[in-house]
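A quick write-up on the structure given underneath.
Nothing here was measured: the structure is a model prediction, and the numbers come from that model. In what follows, every chain begins at residue 1, and chains take the letters A, B, ... in the order their sequences are listed. The basis for the numbers below is simple: all heavy atoms, side chains too, and nothing from hydrogens, waters or symmetry mates.
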Amino acid sequence: MSWNAVYRQVKKIPRGRVSTYGGVAKAMRLRAGARAVGYALAACPRGQGIPWHRVLGAGGRIRVPEPHAALQRKLLETEGVKIGVTVDMKIYGWPFRKSKAAAARKKKRAKPRR
DNA sequence: CATCTGACGACCG
DNA sequence: GCGGTCGCCAGAT
């Protein structure tokens, strides 16, 4: 499961901070692997202690189904994240750092990539 | 082994 | 600013 990297990133998000699918994907040097990221969270591996509610869509927009969206908002507000229509990524956005997966991907990306 | 889908993102018109 | 299309990853059928 390569999702291990995704879970790891999400778990690294401290309380009161949020991230985005694209953010995690970018941390992995993936352009639009956001799908995989979302899918990974969609698996919702409860028990892994994964704060999936801290993961939002681009622009801090919630990209989750209704039942989860409400819960997510509630949980984030509980953590101190003020949510209007969307979350201010410039404030709560968590700057992901290089991850193991990113390094590996980066090394491999030594090809005619732009 | 081939094809479609899915909690997405970015770009183009 | 909105809508449609392409691109990406991994898993399921």
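Regarding A:Glu66, its CD atom lies at a distance of 14 Å from the P atom of B:dA7, rounded to whole Å. We find that OH of A:Tyr7 is positioned 11 Å from C1' of C:dA10, with the value rounded to whole Å. B:dG6 atom C1' lies 17 Å from atom CH2 of A:Trp52, rounded to whole Å. Counting to the nearest Å, the P atom of B:dT5 and the OH atom of A:Tyr39 are 12 Å from each other. Going from atom OH of A:Tyr21 over to atom P of C:dC9 covers 19 Å, rounded to whole Å. Per the geometry, CE belonging to A:Met89 stands 10 Å off P belonging to B:dG9, to the nearest Å. If you take NZ of A:Lys26 and P of C:dG7, they are 18 Å apart, rounded to a whole angstrom.
Put simply, the residue from A:Arg17, A:Arg15, A:Arg54 that forms a side-chain hydrogen bond (donor to acceptor under 3.5 Å, both in side chains) with A:Glu79 is A:Arg54.
When each of C:dG11, B:dA7, B:dG9 is scored by its nearest atom to the side-chain atoms of A:Val64, the top-ranked nucleotide is B:dA7. The listed nucleotides are B:dA7, C:dG11, C:dC9; the one nearest the side chain of A:Ala36 is C:dC9. The side chain of A:Ala58 approaches B:dA10 more closely than any other nucleotide in the set C:dG11, B:dA10, C:dC9. Of all nucleotides listed (B:dG9, B:dA7, C:dC8), C:dC8 comes nearest to the side chain of A:Arg35. Ranking B:dG9, C:dC9, C:dG11 by closeness to the A:Trp3 side chain, first place goes to C:dG11.
Under the rule for a side-chain contact (heavy atoms from CB on, under 4.5 Å), the partners of A:Thr20 that lie at least two apart in sequence or sit in another chain are A:Met89.
Looking at heavy atoms from C-beta onward, A:Val24 lies in side-chain contact with A:Ser19 at the 4.5 angstrom threshold.
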Listed pairs under 3.5 Å, donor-acceptor, residues 66-76 of chain A side chains, sequence neighbours left out:
residue: A:Gln72; atom: NE2; partner: A:His53; partner atom: O; Å: 2.9
residue: A:Gln72; atom: NE2; partner: A:Val55; partner atom: O; Å: 2.8

